[in-house]
Number of protein chains: 2
Amino acid sequence: MGHIVTSPHVTIRNVADVANVSTATVSRVLSGLPGASEETRQRVLKTARELGYQGDPNATALRLRKSNTIGIIVPDIVNPFFTALIHELETCAQQSGKDLFIANSQNDVIIERQRVQTLANRRVDALLISPVHRTMSSSTIQWAHSRIPVIQIDRHAGHIAPYVGADQNYAMNKALEHVTGTGCSRVAYIGYPESTSSSKERIDAFNTYISRHTSISSHIETGLPPHAAQQIADWIEFGECKDAIIASSDLHAIAVKLELQRRGINIPSDVVLMSFDNTSLADAANITSFQQPIDLIARKSIELVEDSDSTGEVIFLAGRIVIRGSSQRES
Amino acid sequence: MGHIVTSPHVTIRNVADVANVSTATVSRVLSGLPGASEETRQRVLKTARELGYQGDPNATALRLRKSNTIGIIVPDIVNPFFTALIHELETCAQQSGKDLFIANSQNDVIIERQRVQTLANRRVDALLISPVHRTMSSSTIQWAHSRIPVIQIDRHAGHIAPYVGADQNYAMNKALEHVTGTGCSRVAYIGYPESTSSSKERIDAFNTYISRHTSISSHIETGLPPHAAQQIADWIEFGECKDAIIASSDLHAIAVKLELQRRGINIPSDVVLMSFDNTSLADAANITSFQQPIDLIARKSIELVEDSDSTGEVIFLAGRIVIRGSSQRES
DNA sequence: CTGAAAGCGCTAACAG
DNA sequence: CTGTTAGCGCTTTCAG
């Protein structure tokens, strides 16, 4: 068995020879440009089809200095939120006839820089990026933006390039309204530190809301899911007012849920729990979660790519809460 | 603001001019080839660094007809199992100094063919693919294998190219031993239909085991998670012997868990439940799950890529069960 | 040890 | 309407 080379790559030259025209004509026809009689058009199209001509994207990219592709760099490809986003982007990109280059920066600004360079060197037409860090990613993004159009997506590193993402302030307000609506007046926030723009915006929104509603007492806990979950469990109090926990990621919510279960604390009767992102994890663990509008985020970002004179735009999108058993009696 | 072109791409020509040598020499030095005095070496290296030379992968790929990259096509990028695999592959590929092109076939053989063609045209050095379908993907894979080295990973479409994946027979035996070990003598299988090699192999292994252990009664239910879960719940019986359900994916297991909860059936006291893949979903839902050896799968496949005379190999790897609350009393 | 030159496959003037 | 030509950035003989 093994790898048998049967069909070499068909070049434009091959097509030209068989169709008895010049490579220039083949190129024009295949690019849909004018300047070819209907007769030759058909002949070229036919032979190209018969020979199975596919084109060489590397040669085209070298010549045109663009590759008809869009690059997307996510900070963590294992996170279902980002794969859901990638999935939506794929659909939108396909509709624009573009391919997607998917890259993972593994939550590391060094790797992020490498990925940005790789994609820029490959001459992607535009780069969508969800930055690893709110401040430390900005130089990389600026570097990229100086050579190709860059759009920040879901997270940003300042007003250094257009941004499309969810309105974290709106989301956090909805979340707080929901949990206070279930009768909680002690509410805690748990999530990663303020290293990403979305985390920071959520924490800011949380604090603002609390400062305006003096009847609510609050608590904030940041850190990696397991550790932060232990801390937050210590904060739980049984008294006249009911406790609520808002987790900034489904992962944090699950860590909290497991920790509370271990301590014999019941959800939702003792403590109301909800989270952000509404990934398959929230569904699996039956946790109420705020659904980011990833379909709109994807659509808008691809639109921005097409629409070249859209520099400096900042687009916030809404979203909605998906209520599950962790914040209501009946599941 | 907007997109400001400040730094054009630095070419080998630029480096050559500044260093006062020919492009040929620069190329040799940068490729680490012999044929350059230590003095010029250093000078070239220095100027390349100072100018921020990055190289043009498109030009190199055009010239060399290879791109120093590996392509990976997964059937469903939203599935945490495949992103975990991608993550491992990234690590291994990086160690070999290669970039990874990630593509998603969206469980669709048509899209799968497109993705394969795209990557082949981009001259990836090798293609790793987890086929969408056990039989319908084979022509695409054969087409690809006729032009570039192809390795089937986790799933396969016949002995048409090397394969690296888990030993499904071993895995299913371990699963059956585990659930029968908890005292169950009625056991059901739930999963997707036999459209993928792994599904088929698991079902075959299930049937073989059952036929050898006549004291166990069995049941098989295939279909999409929610529907199949309803069916399987109808099968549950309360009697002298305890029931167990083995789910072929974490998604199926979660659907089963939710359906049983709705009917007031307790896990694990009434029914023992376990699944395959051990993704973050299983962790979230506290479900015992068989962990595929994705680290070994990734390592082996990258090794096969390097080792060019490895045609026709078939490598099966083991794995282990991660026990959680769905199959034991204490969590 | 080094440079000149050819050419990978493609597109875009420019002629005809 | 069509062909000739140059060249994108790179590597690699082949001379010197």
Side-chain angles (χ1 to χ4, degrees), chain A residues 7-45 47-48 51-69 117-118 120-125 147-148, chain B residues 7-45 47-48 51-69 117-118 120-125 147-148:
Chain A
S7 38
H9 290 273
V10 180
T11 74
I12 215 174
R13 174 83 268 150
N14 300 330
V15 178
D17 288 348
V18 174
N20 256 304
V21 287
S22 71
T23 59
T25 300
V26 176
S27 176
R28 284 189 208 105
V29 171
L30 263 34
S31 312
L33 293 174
S37 70
E38 191 52 29
E39 194 207 327
T40 32
R41 274 191 73 70
Q42 294 305 332
R43 187 153 34 92
V44 168
L45 251 26
T47 41
L51 265 48
Y53 174 75
Q54 306 243 318
D56 182 329
N58 292 315
T60 307
L62 176 59
R63 179 68 233 240
L64 259 41
R65 309 153 136 270
K66 48 173 263 184
S67 59
N68 206 35
T69 57
Q117 291 180 344
T118 302
N121 291 337
R122 292 208 179 272
R123 302 289 196 284
V124 291
D125 302 353
R147 7 187 82 195
I148 46 173
Chain B
S7 38
H9 290 271
V10 180
T11 74
I12 213 172
R13 175 81 267 152
N14 301 329
V15 178
D17 287 350
V18 174
N20 257 305
V21 287
S22 70
T23 58
T25 300
V26 176
S27 177
R28 283 189 208 104
V29 171
L30 263 33
S31 312
L33 292 173
S37 70
E38 192 52 28
E39 194 207 327
T40 32
R41 272 191 74 69
Q42 294 305 333
R43 187 152 34 91
V44 168
L45 251 26
T47 42
L51 265 46
Y53 174 75
Q54 306 244 317
D56 182 329
N58 293 315
T60 308
L62 176 59
R63 178 69 233 240
L64 259 39
R65 308 157 135 270
K66 50 171 265 195
S67 59
N68 206 35
T69 57
Q117 290 181 345
T118 301
N121 291 336
R122 291 207 179 272
R123 301 288 194 285
V124 291
D125 301 354
R147 6 188 82 195
I148 46 173

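Predicted model only: the values in this text are computed from it and were never measured. By convention in this document, chain letters (A, B, ...) are assigned in the order of the sequence lines, proteins followed by strands, and residues within each chain are numbered from 1.
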Contact under 4.0 Å: A:Thr25 side-chain N or O vs D:dG3 OP1/OP2:
yes
Looking at CZ of A:Arg43 and OG1 of A:Thr40, how far apart are the two atoms once the value is rounded to the nearest 0.5 Å?
6.0 Å
Calculate the interatomic distance between B:Ile12 atom CD1 and C:dT2 atom P; express it in whole Å.
15 Å
Find the distance between CG (A:Asn68) and OG1 (A:Thr60) and round it off to the nearest 0.5 Å.
9.5 Å
side-chain N/O B:Thr40 vs C:dT2 OP1/OP2, d < 4.0 Å
yes
Give me the atom names and distance for the closest heavy-atom approach of A:Arg41 to A:Leu33.
NH1-O, 4.3 Å
Within this structure, what is the CZ-to-P distance between B:Arg43 and C:dT2, rounded to whole angstrom?
8 Å
Just call it for B:Ala24: base, sugar-phosphate, or nothing, with non-hydrogen atoms closer than 4.0 Å on any strand.
base
Checking all strands, does A:Leu62 fall into the base, sugar-phosphate, or nothing category for heavy-atom contacts under 4.0 angstrom?
base
Is the shortest side-chain N/O distance from B:Ser37 to OP1 or OP2 of C:dT2 below 4.0 Å?
yes
Could you state the CG-C1' distance from A:Leu64 to D:dG9, rounded to the nearest angstrom?
14 Å
Report the distance from atom CG of B:Leu30 to atom P of D:dC10, rounded to the nearest whole Å.
9 Å
For B:Ala36 and A:Val26, take the nucleotide of DNA chain C holding the closest heavy atom to each; which residue's nucleotide lies nearer the 5' end?
B:Ala36
Nearest whole angstrom, please: distance from the C1' of D:dG9 to the CG of B:Asn68.
17 Å
Atom-to-atom span, CZ of B:Arg13 to C1' of C:dA4 - whole angstrom
11 Å
Minimum-distance nucleotide to A:Leu33 side chain [options: D:dT2, C:dA12, D:dG9]:
C:dA12
Quick check: do B:Tyr53 and B:Val26 have side-chain heavy atoms less than 4.5 Å from each other?
no
Nearest-Å distance, CG (A:Asn14) to P (C:dG9)?
9 Å
Would you compute the distance between atom CZ of B:Arg123 and atom CG of A:Asp56 and round it to the nearest 0.5 angstrom?
4.5 Å
Measure from the side-chain heavy atoms of B:Thr11 and tell me the nearest of C:dC8, C:dG3, D:dC10.
D:dC10
Could you pick out which residue, B:Ser27 or A:Asn20, lies toward the 5' side of DNA chain D when each is mapped onto its nearest nucleotide?
A:Asn20
Donor-acceptor pair under 3.5 Å: do we get one between B:Arg28's side chain and the base of C:dG3?
yes
With a cut-off of less than 4.0 Å, is there a side-chain N or O of A:Arg65 near OP1 or OP2 of D:dG9?
yes
From the candidates C:dA5, C:dG9, C:dT2, the one with an atom nearest any side-chain atom of B:Thr23 is C:dA5
Specify the separation, in whole Å, of atom CG of A:Asp56 and atom C1' of C:dC8.
8 Å
